[in-house]
Structures are given as C-alpha cells and as structure tokens.
Amino acid sequence: MQQFDGEKALKYARSRQTTSDFSRAERQQLIISGIIDELKSMNVFTDFGQLQDLYAEVNQMVDTNISYRQIFGMINYVDDIN
C-alpha cells in the first residue's frame with residue numbers, strides 16, 4: 001500500500017501520459033476508495049461532530065446543491081461501497 005498527500009493523489013488520478021481513460025478512471029476510483037477507507041478508520045461517519053467539521057471543510061472547496069441533511073442521509077450507504 002502506498003500513501004499520497006493530496007497533491008500526489010491528484011497527479012496520480014489525473015495522469016494521462018502513459019495510460020488510457022479507463023485506467024485514469026480506475027485510478028480515480030482507487031483514490032476515492034482510499035479516502036473513504038481512511039474516513040471509516042477515523043470513525044468520521046459515526047461521529048456527528050467530525051462529520052460536521054468535514055462537511056464545513058469540504059463545503060468551502062466544493063460547489064454543490066446537495067444539503068448537509070442529504071449528505072448525512074447517504075452515510076448509511078458507506079458500508080455498501082466496495
């Protein structure tokens with residue numbers, strides 16, 4: 001297993017020089033899966049305070065019309081993600 005900081009993860013996920021779009025999509029899925037695994041290990045999905053903090057942090061960087069209530073509702077499905 002390899003650990004990346006955010007900058008390296010982004011470069012890894014976006015790289016197009018030596019592979020296909022399918023490989024790039026697979027790398028992006030691996031990054032997302034790794035983030036979810038890390039958040040699970042930190043119990044972020046079961047700690048309401050941590051979840052609020054994460055939402056506030058992400059909300060500053062991502063423009064979406066998904067409400068906090070909708071995101072919190074999706075947390076129930078995290079364990080179903082392979």
- [ ] Give, for atom OG1 of T46 and atom NZ of K40, the distance between the pair rounded to the nearest 0.5 Å.
- [x] 11.5 Å
- [ ] Mind checking the CZ-CD spacing from R14 to Q28? Nearest 0.5 Å is all I need.
- [x] 8.5 Å
Task: Rounded distance [0.5 Å steps], CD in E38 versus CE in M42 - done: 6.0 Å
Open item on the list: Rounded to the nearest 0.5 Å, what separates atom OG in S41 from atom CD1 in I36?
Closed with: 12.5 Å
Open item on the list: With clusters defined by side-chain heavy atoms of hydrophobic residues (ILVMFWY) lying less than 4.5 Å apart, directly or transitively, does I31 cluster with V62?
Closed with: yes
Task: V44 to Q50 - nearest heavy-atom pair and separation - done: CG2-OE1, 3.3 Å
Open item on the list: Looking at Q60 and E57, would you say the former's side chain and the latter's main chain have a donor-acceptor pair under 3.5 Å?
Closed with: no
Task: With E7 via salt bridge (Lys or Arg N to Asp or Glu O under 4.0 Å) - residues at least two apart - done: K11
TODO: Not counting sequence neighbours, which residues clear salt bridge (Lys or Arg N to Asp or Glu O under 4.0 Å) with R24? List them please.
DONE: D21
Open item on the list: Tell me whether the count of non-hydrogen atoms from other residues, nucleotides or ligands lying under 6.0 Å of CD in E26 goes above 12.
Closed with: no
Task: Validation row: F4, L10 side chains within 4.5 angstrom (heavy atoms) - done: no
- [ ] To the nearest 0.5 angstrom, please state how far the CG atom of L30 sits from the CD1 atom of I35.
- [x] 11.0 Å
Task: Any side-chain heavy-atom pair of I66 and M74 under 4.5 Å - done: yes
